[in-house]
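A short write-up of the structure that comes next.
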Amino acid sequence: MGEQPIFSTRAHVFQIDPNTKKNWVPTSKHAVTVSYFYDSTRNVYRIISLDGSKAIINSTITPNMTFTKTSHKFGQWADSRANTVYGLGFSSEGHLSKFADKFAEFKEAARLAKEKSQEKMELTSTPSQESATGDLQSPVTPESINGTDDRVTPDAAFNAESRAEINAVPFPHSSTSITKHWEAELAALKGNNAKLTAALLESTANVKQWKQQLAAYQEEAERLHKRVTELECVSGQTAGVKTQKTELNQTIEELEAELRAKEEELEKLKEEVEKANQLQTQKDSLTHKLQETELRNSDLESQLADLEQRLENSQLESESFRKSLRSLLELLDGKIFELTELRDSLAKLMEGDSS
């Protein structure tokens, strides 16, 4: 049968900026049709969307893909083959939920199809492995069957999805939806900021404790060095002193290793503090944008009230004009009737004169 569409919906299509990996770039000027296709020949599922004759989405669903809802009307998924992240903005939460359910369903179907394909390849490869040649064959994987490898490192996938989720913005439909979106983003940032603040306080306390431990370790190391020197001076190079010296040197090395580990932890904490400061900056920016949106909403409401008042005045003036027009028509009807009677009278008079 070839490739057939099995589910379609409409959405605004976005892709992550390939340069910054942080901002969304719209690939469609308006809502377009996004469809799931099933290829019965290759037993694969694909997501395809066309804007005119241009394919703006061509993504094959694999078991390692994940569709994430980042808001009530926006979702995204990462495609390692296309080396990008796709985003879809829907007109309602229901359409988003249906698309996400279908994604999970076809992802599971793709996983089962790969497992079946792998089992078939293992069964067909068994006779060749037991042949007289005795050569060892490489294991058959779903990736080798398709000719590509869809594996992605966890760190890369996490970073791509995290950056996309932080900057994912649903397609705006009105000033009210913009306000709701920024309020939701602000609430999420406040929650993250509270967690980071608590973690920062705990990390600060740990840093102080580690500094005290570092100072104690340094004092202990100096004391041990002095002790080694004293033992060398007093006992010379006896076997017992050498053994104790070796043990003390091992202790010193262990303490130095702990010192290096603590220094690495301090560097990590500094990086976390910098990230917290960046989130605080984002929070301030969102707060400013929310205030600007509220001001624009107030202006729009006042303009709407003014327009409603003008419309009401216009309707009153139109009604008054209609009443005046009716009165004029009635007056004209009366005058016309009078002129008609006058004409009839004159006609009768002319007929009387002629007779």
Side-chain angles (χ1 to χ4, degrees), residues 11-32 34 46-51 54-90 96 99-100 103-104 107 110 143 148-172 177-178 181-182 184-193 195-196 199 267-290:
H12 293 269
V13 181
F14 300 82
Q15 282 191 24
I16 201 70
D17 191 337
N19 297 321
T20 63
K21 298 293 184 181
K22 292 183 179 181
N23 301 321
W24 286 113
V25 178
T27 55
S28 65
K29 296 181 180 179
H30 49 78
V32 296
V34 182
R46 288 199 301 164
I47 302 174
I48 297 176
S49 179
L50 300 177
D51 189 4
K54 178 183 177 183
I56 55 178
I57 298 179
N58 186 3
S59 177
T60 301
I61 300 176
T62 59
N64 63 334
M65 283 185 177
T66 301
F67 185 81
T68 305
K69 297 180 182 179
T70 56
S71 70
H72 296 300
K73 297 181 182 179
F74 195 86
Q76 64 187 51
W77 76 96
D79 190 337
S80 59
R81 290 182 176 181
N83 192 25
T84 188
V85 180
Y86 292 104
L88 296 178
F90 295 88
L96 172 61
F99 188 89
F103 193 99
K107 172 185 173 182
E143 290 78 7
T148 56
D149 190 353
D150 292 334
R151 290 174 295 178
V152 183
T153 59
D155 291 340
F158 175 78
N159 291 334
E161 291 181 4
S162 298
R163 289 194 296 267
E165 183 175 354
I166 291 173
N167 296 279
V169 180
F171 190 82
S177 63
I178 294 175
H181 168 68
W182 286 123
E185 291 289 338
L186 184 59
L189 280 175
K190 285 182 179 179
N192 292 336
N193 187 49
K195 292 179 182 179
L196 286 172
E267 291 297 328
K268 291 181 180 178
L269 286 173
K270 289 180 181 178
E271 293 178 357
E272 290 181 359
V273 170
E274 291 178 357
K275 291 180 179 178
N277 292 334
Q278 292 176 358
L279 286 175
Q280 181 64 33
T281 303
Q282 292 180 357
K283 173 190 171 184
D284 295 339
S285 176
L286 287 174
T287 303
H288 180 67
K289 290 180 179 179
L290 179 60

How many angstroms lie between [atom1] in [X] and [atom2] in [Y], if you round to the nearest 0.5 Å?
| X | Y | atom1 | atom2 | answer |
| --- | --- | --- | --- | --- |
| Lys73 | His12 | NZ | NE2 | 10.5 Å |
| Tyr86 | Ile57 | OH | CD1 | 6.5 Å |
| Thr66 | Gln76 | OG1 | CD | 11.0 Å |
| Lys69 | Phe103 | NZ | CZ | 12.5 Å |
| Thr60 | Ile48 | OG1 | CD1 | 8.0 Å |
| Thr84 | Lys21 | OG1 | NZ | 6.0 Å |

Kindly give the heavy-atom pair with the smallest separation between Asn58 and Arg46, and that separation in Å.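 Taking every non-hydrogen atom into account, OD1-NH1, 2.7 Å.
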What's the shortest heavy-atom distance between Gly75 and Leu96, and which atoms?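 Of all heavy-atom pairs spanning Gly75 and Leu96, the closest is N-CD1, 4.0 Å.
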Parallel, tilted or perpendicular, as decided by the 30° and 60° cut-offs, for the rings of Trp24 and Phe14: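 Judged by the thresholds at 30° and 60°, the geometry between Phe14 and Trp24 is perpendicular.
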So, using side chain to side chain contact (heavy atoms under 4.5 Å, CB included) as the criterion, who are the partners of Thr27 when residues are at least two apart?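 Expected list: Val13, Gln15, Ile56.
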Mind checking what makes side chain to side chain contact (heavy atoms under 4.5 Å, CB included) contact with Val273, not counting sequence neighbours?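 Expected list: Leu200, Asn277.
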All side chain to side chain donor-acceptor pair (under 3.5 Å) counterparts of Asp51, not counting sequence neighbours: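 Listed in chain order: nothing, the list is empty.
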Go through the steps to decide whether Ile47 and Ile61 satisfy the test side chain to side chain contact (heavy atoms under 4.5 Å, CB included), and finish with yes or no. CA-CA 7 Å; Ile47 302 174; Ile61 300 176; 4.0 Å; yes
